[in-house]
Structure formats: structure tokens, C-alpha cells
Asker: 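Below you'll find the structure I mean.
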Amino acid sequence: MTLCQFIDRAFKAMFERYGHQHWWPGDSELEIAVGAILTQNTSWRNVERAINALKSRNLLSIRGLLDVDEKTLADAIKPAGYFNVKAQRLKAFIRWLHDSGGFDELRKLDTYELREKLLSVKGIGRETADSMLLYVFERPVFVIDAYTRRIFERHGLKDASKMDYDRLRSVIEGCLPRNPQLFNEYHALIVRTGKEVCKRSNPLCELCPLNGLKID
DNA sequence: CTCCAGGGGGCCA
DNA sequence: TGGCCCCATGGA
């Protein structure tokens, strides 16, 4: 099957298996954005602990993150790992967010400009920027992560795991209508499928809902 | 014990 | 550009 056929059928297969994922888990724009930074190369379970710690210390607000010193912040987010770099990244992000006038002001920018601005913040790379664009700002951006690369590679897209981020993103986006709701559900289903059955340690993926789907 | 998890920056050829 | 190393906790 073609790449676009695979993309279409894969979504249907994953959705039939797992249903609506209700992403991004988080009660506010800020919580989603903070979670996007904290989850860099880190299990979501550990991120939840760090977010809960931030909440219990009343730090999960723009004011709170702006005022807290980096060492205190690092101590609070310890369970998420890389706590020193992530404390730096959160501080850099929150300063930028504040200086930019907050989420409401940033929403006025077009997607391209907003993406460039996000990428200019130290500690926000392409995946983190795209996660925020999709799940905070509801823009039709397809998030590429390790699960996405692995699944596409396994199902016949050669070198998907090595392909340039933006190239893979545009290839996939080219097969889909620019619908933020669809992109939201699609990425969430990929992560769900990756966690559930298509792990790196389980290349056979016998229970994978995508079994039998192959790109030519 | 080892491997991995919803990456990104710095450095160097 | 592309490869390598560093960051760090907690579960399997």
C-alpha cells in the first residue's frame, strides 16, 4: 500500500483498538506546556510526579515559575530526571512566555511565526515546539517522536528513524487534512500504541493493531 | 545488572 | 549537516 493509504488505515486500526485518548493530559495551557518540556526523553509517569510536586508547592503558574529560583525548581521536578537542565529550560520558557504577553497574545501569531519563536527558546526543540503548537495552540502540526519514527520504519517507510525531522513531518502531513483534532488524536494513538505493544524491546509487535499494514 | 522512557544543546569534523 | 556525548530519575 502507499504511504498515504497506510496513514489512513493505521489511524482507523489504532482508533478502533484504543478509542479516544483525550490528549493532552493536563488542566491548563501552562500545565501542557510544562509537561511538554518535562517529558523530554522521560516517561510520563515520572513527569506526573514532577507536575504534582509543582502543584503542591503552588509553582504551576506563570507567576510562580517566574519567581521561583532555579535550584528550588530543580528540586521540585527531580522525579522527571535531568532536573538541572529542565529547570533551566522551564525558566527560559516562562521568561519568554511572560515577555511575549502570555498564551492569549501568542495565539494571535500565525503557526509559522509561532513555531519559529518557540524554537528560539533554549531547550525547546522541534518536537517540544510541535507538541505545544498542537496541544496548547491547537494548530495542525503533526508531532514526530521516537514512537512515530519506529512505527513508520517498522511498517515499511525506509529510514524513517533517521529521516530529517521536518522532512518526515511534511511527508506525513501531506497525507492528511490539516485538522488539529485529527492530528491530536493521531499522535496520541501512536504514543498509546508504542507504549502498549510496539516497544523498542518488542520488535515482533504481535498484538500491534498495525499488524499486516505495510508500506511499499 | 542492563535497558529504556512522549529530546535537546554543545561540540567537532 | 551529522555523529557523539551529556544530562538523571524510576520502572521493568
Side-chain angles (χ1 to χ4, degrees), chain A residues 10-11 14 18 20-26 31-54 70-96 115-137 139 141-154 159-170 172 180 183-205 207-208 210:
Chain A
F11 179 80
M14 291 189 293
Y18 298 119
H20 185 36
Q21 299 300 301
H22 304 281
W23 265 41
W24 184 293
E31 183 174 336
I32 294 170
V34 166
I37 291 172
L38 290 178
T39 198
Q40 290 169 352
N41 202 38
T42 300
S43 65
W44 184 253
R45 170 179 291 278
N46 284 355
V47 174
E48 283 181 310
R49 294 187 166 110
I51 288 178
N52 287 334
L54 290 175
E70 203 170 297
K71 282 302 296 174
T72 306
L73 180 57
D75 185 65
I77 63 172
K78 211 162 226 175
Y82 306 121
F83 45 83
N84 287 315
V85 285
K86 283 176 180 174
Q88 261 183 35
R89 290 173 184 182
L90 286 175
K91 292 297 278 182
F93 171 72
I94 213 69
R95 279 192 292 268
W96 169 79
R115 187 169 198 261
E116 291 305 305
K117 281 183 167 293
L118 283 166
L119 289 174
S120 74
V121 180
K122 193 162 295 184
I124 297 185
R126 288 166 300 204
E127 184 185 335
T128 307
D130 287 349
S131 294
M132 292 188 192
L133 285 169
L134 179 58
Y135 292 107
V136 175
F137 297 99
R139 305 301 170 89
V141 171
F142 197 96
V143 178
I144 305 296
D145 66 349
Y147 290 129
T148 311
R149 292 180 181 281
R150 195 177 309 149
I151 284 176
F152 276 84
E153 174 94 35
R154 277 185 191 172
D159 301 323
S161 52
K162 301 179 298 188
M163 202 179 300
D164 176 76
Y165 182 97
D166 291 304
R167 177 145 205 289
L168 180 57
R169 182 167 75 93
S170 69
I172 294 175
F183 286 12
N184 176 322
E185 198 68 66
Y186 208 131
H187 179 66
L189 283 167
I190 285 177
V191 174
R192 175 71 184 276
T193 303
K195 283 204 255 201
E196 203 86 15
V197 286
C198 300
K199 309 179 184 184
R200 179 154 28 162
S201 53
N202 180 22
L204 288 182
C205 198
L207 298 176
C208 183
L210 307 180

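Here is how names work: the chains are called A, B, and so on, in the same order as the sequence lines, proteins then strands, and each is numbered from 1. Since we're looking at a predicted model, the values are computed, not measured.
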Asker: Can you say whether the rings of Trp23(A) and His187(A) are parallel (under 30°), tilted (30 to 60°) or perpendicular (over 60°)?
Answerer: perpendicular

Asker: What nucleotide, of dA5(B), dT9(C), dG7(B), holds the atom closest to the side chain of Gln40(A)?
Answerer: dG7(B)

Asker: Expressed in angstrom and rounded to an integer, what is the separation of Lys86(A) atom NZ from dC6(C) atom P?
Answerer: 18 Å

Asker: Whole angstroms only, please: what is the CD1-P distance between Ile124(A) and dG9(B)?
Answerer: 9 Å

Asker: On a whole-Å scale, what distance lies between the P atoms belonging to dC5(C) and dC3(B)?
Answerer: 15 Å

Asker: Describe the nucleic acid contact of Gly81(A) in one word from base, sugar-phosphate, nothing, applying a heavy-atom distance below 4.0 Å.
Answerer: base

Asker: Hey, could you give me the CG/NZ distance between Leu73(A) and Lys71(A), rounded to the nearest 0.5 Å?
Answerer: 10.5 Å

Asker: In this structure, how many angstroms lie between the P atom of dG10(C) and the CG atom of Asn52(A), rounded?
Answerer: 14 Å

Asker: Among dA8(C), dG8(B), dA5(B), which is the nearest nucleotide to the side chain of Phe83(A)?
Answerer: dA8(C)

Asker: Is any NZ, NE, NH1 or NH2 atom of the basic residue among Arg192(A) and Glu196(A) found under 4.0 Å from an Asp or Glu carboxylate oxygen of the other?
Answerer: yes

Asker: With the side chain of Lys122(A) defined as its heavy atoms from C-beta on, choose the nearest nucleotide among dG10(B), dA5(B), dG11(C).
Answerer: dG10(B)

Asker: Are there any protein N/O atoms within less than 3.5 Å of an N/O atom in nucleotides 2-4 of chain C, and if so, which ones and at what distance?
Answerer:
none

Asker: Whole Å only: how far is the OH atom of Tyr82(A) from the P atom of dC4(B)?
Answerer: 13 Å

Asker: If you only use heavy atoms from C-beta on, which nucleotide in dG9(B), dA8(C), dG11(C) is closest to the side chain of Asn41(A)?
Answerer: dA8(C)

Asker: Taking OP1 and OP2 of dA8(C), is either one under 4.0 Å from a side-chain nitrogen or oxygen of Thr42(A)?
Answerer: no

Asker: Which nucleotide wins on minimum distance to the side chain of Arg150(A), given the candidates dA5(B), dG11(C), dT9(C)?
Answerer: dA5(B)

Asker: What integer distance in Å separates Lys195(A):NZ from dG10(C):C1'?
Answerer: 14 Å

Asker: For Ser131(A) and for Val121(A), find the nucleotide of DNA chain B with the closest heavy atom, then tell me which residue's nucleotide is more 5'.
Answerer: Ser131(A)

Asker: Just by distance, no angles: are the side chains of Arg49(A) and Asn52(A) close enough, under 3.5 Å, to form a donor-acceptor pair?
Answerer: no

Asker: Please test Asp130(A) against Arg115(A) for side-chain contact (heavy atoms from CB on, under 4.5 Å), starting from the C-alpha separation and ending with a verdict.
Answerer: CA-CA 7 Å; Asp130(A) 287 349; Arg115(A) 187 169 198 261; 2.7 Å; yes

Asker: Which nucleotide in the set dA8(C), dG7(B), dA5(B) lies at the smallest distance from any side-chain heavy atom of Arg89(A)?
Answerer: dG7(B)

Asker: Evaluate side-chain contact (heavy atoms from CB on, under 4.5 Å) for Val34(A) paired with Ile77(A), printing each intermediate quantity in order.
Answerer: CA-CA 11 Å; Val34(A) 166; Ile77(A) 63 172; over 6 Å; no

Asker: Between Glu116(A) and Ser120(A), is there a side-chain heavy-atom distance shorter than 4.5 Å?
Answerer: no

Asker: Taking N or O atoms only and anything under 3.5 Å, show me the protein contacts with nucleotides 11-13 of chain B, one pair per line.
Answerer:
none

Asker: Side-chain donor-acceptor pair under 3.5 Å between Asp75(A) and Thr72(A), yes or no?
Answerer: no

Asker: Between Arg126(A) and dG9(B), is there a contact of a side-chain N or O with OP1 or OP2 at under 4.0 Å?
Answerer: no

Asker: Calculate the interatomic distance between Ile51(A) atom CD1 and dT9(C) atom P; express it in whole Å.
Answerer: 18 Å

Asker: Can you check the distance between dG8(B) and dG10(C), where both ends of the measurement are the P atom (answer in whole Å)?
Answerer: 22 Å

Asker: Expressed in angstrom and rounded to an integer, what is the separation of Asn46(A) atom CG from dC4(B) atom P?
Answerer: 17 Å

Asker: Measuring only between side-chain heavy atoms, which start at C-beta, is Val143(A) closer than 4.5 Å to Glu127(A)?
Answerer: yes

Asker: With under 30° as parallel and over 60° as perpendicular, where do the rings of Tyr186(A) and Phe11(A) fit, or are they tilted in between?
Answerer: tilted

Asker: Just checking Val85(A): base, sugar-phosphate only, or nothing, at a heavy-atom cut-off of under 4.0 Å?
Answerer: sugar-phosphate

Asker: Between dC7(C) atom P and Leu90(A) atom CG, what is the distance in whole Å?
Answerer: 19 Å

Asker: What distance separates Arg126(A) CZ from Leu118(A) CG, expressed to the nearest 0.5 Å?
Answerer: 14.0 Å

